[in-house]
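To start, the structure itself, in structure tokens.
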Amino acid sequence: SVKSLVGSGDVTLDTNTLTITNGADTFSGNISGTGNLTVSGGEQVLNGTNAYSGTTNVTNGILTLNSSAAVSNSSKVNVTGTGALNLAAASSVNSLAGSGNVTLGANTLTITNGADTFSGNISGTGNLAVSGGNQVLNGTNAYSGTTNVTNGILTVNSSAARSEEH
């Protein structure tokens, strides 16, 4: 584990997990491999183009995605505990799981192959798109943008689990 990740170089995970315990920086490099990335404290910003395919876990910290490829669209994102995922740019993820918070801002979060249940809160003025798989929403969501489902399934298990569906 590391306290925070800063710079613009390359990080190769191989099959390992990199845990950021108190993020306070911006990383603009490339994270690759089949391993996982965990943010367990602080606020870590990812600004680069990352190609790792493991799970992105946000457990008790904040992960801010500052570029459209900050998390590979083949990476499942699991937001739990007091964890939060903040979008500072439109982003694509493989699937969304957990019970934490997702802040869209004015951006679009695209789920490319939903296969999980998200019971947390999605907020902001942005949009949610499901372009494949079966994504389940159980939480109380407050985002005011549109919900677009193309080539996928969005299962809503709560009357408050979606904002406005299109």
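Since the model is a prediction, treat every value here as computed from it, not as a measurement. In this chain, numbering begins with 1 at the start of the sequence shown.
- A heavy-atom distance below 4.5 Å is found between the side chains of V136 and N157.
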For a side-chain contact (heavy atoms from CB on, under 4.5 Å) check, start with the C-alpha distance between L18 and V2, then their side-chain angles and the critical distance, and finish with the verdict. CA-CA 8 Å; L18 173 61; V2 297; 4.0 Å; yes
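- With rounding to the nearest 0.5 angstrom, the CG atom of L137 is 10.5 Å from the CG atom of N121.
- The line from CG of N50 to CG of L37 is 8.0 Å long, rounded to the nearest 0.5 Å.
- The closest donor-acceptor contact from the side chain of S95 to the backbone of A115 lies under 3.5 Å.
- Annotation: side chain to side chain contact (heavy atoms under 4.5 Å, CB included) contacts of T64 (sequence neighbours excluded): E43, V45, I62, N86, A88.
- Shown here are the side chain to side chain donor-acceptor pair (under 3.5 Å) partners of N78, two or more places apart in sequence or in another chain: N57.
- Results of the side-chain hydrogen bond (donor to acceptor under 3.5 Å, both in side chains) test with K76 over N113, N94, D116 single out D116 as the only residue that passes.
- Taking CZ of F27 as the start and CG of N66 as the end, the distance is 13.5 Å to the nearest 0.5 Å.
- In this structure a side-chain-to-backbone donor-acceptor pair under 3.5 Å is present from S72 to S74.
- Applying the side chain to side chain donor-acceptor pair (under 3.5 Å) criterion to N101, with sequence neighbours excluded, gives no partner residue.
- For the residue pair G54 and S75, the shortest heavy atom distance occurs at O-OG, 2.5 Å.
- A donor-acceptor pair under 3.5 Å is absent between the side-chain atoms of S99 and the main chain of G120, judged by distance alone.
- S8 pairs by the side chain to side chain donor-acceptor pair (under 3.5 Å) definition with nothing, not counting sequence neighbours.
- Note on I153 and I122: separate hydrophobic clusters, where clusters join Ile, Leu, Val, Met, Phe, Trp and Tyr whose side-chain heavy atoms are under 4.5 Å apart, directly or indirectly.
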Run the side-chain contact (heavy atoms from CB on, under 4.5 Å) test on T38 and T59 for me, step by step, so that the C-alpha distance in whole Å, both residues' side-chain angles and the decisive distance to 0.1 Å come before the verdict. CA-CA 7 Å; T38 297; T59 58; 4.3 Å; yes
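- V77 has its side chain out of reach of L63: every pair of non-hydrogen atoms, C-beta onward, lies at least 4.5 Å apart.
- Side chains of S67 and N47: a donor-acceptor N/O pair is absent below 3.5 angstrom, by distance only.
- T49 places no side-chain N or O within donor-acceptor distance of the main-chain N or O of A69, the cut-off being under 3.5 Å.
- Partners of S91 under the side chain to side chain donor-acceptor pair (under 3.5 Å) rule, at least two apart in sequence or in another chain, do not exist in this structure.
- With a 4.5 Å cut-off on side-chain heavy atoms, Y52 and N36 do not count as touching.
- Between the side chains of T155 and N134, at least one donor N or O sits under 3.5 Å from an acceptor N or O.
- A donor-acceptor pair shorter than 3.5 Å can be found between the side chains of T108 and N127.
- With a 4.5 Å cut-off on side-chain heavy atoms, I111 and L154 do not count as touching.
- Looking at V11 and L13, their side chains come closer than 4.5 Å, going by heavy atoms from C-beta outward.
- Remark: T82 pairs with N60 by the side chain to side chain contact (heavy atoms under 4.5 Å, CB included) rule, at least two apart or across chains.
- Atoms CG and CG, on L104 and L128 in that order, are 7.0 Å from each other to the nearest 0.5 Å.
- Considering all non-hydrogen atoms of both residues, Q135 and V130 come closest at CB-CG2, 4.3 Å.
- The distance from atom CG of L65 to atom CD of Q44, rounded to the nearest 0.5 Å, is 11.0 Å.
- The shortest side-chain heavy-atom distance between S92 and T112 falls under the 4.5 Å cut-off.
- Looking only at side-chain heavy atoms (C-beta outward), T110 and V93 stay at 4.5 Å or farther from each other.
- The shortest side-chain heavy-atom distance between V6 and T26 does not fall under the 4.5 Å cut-off.
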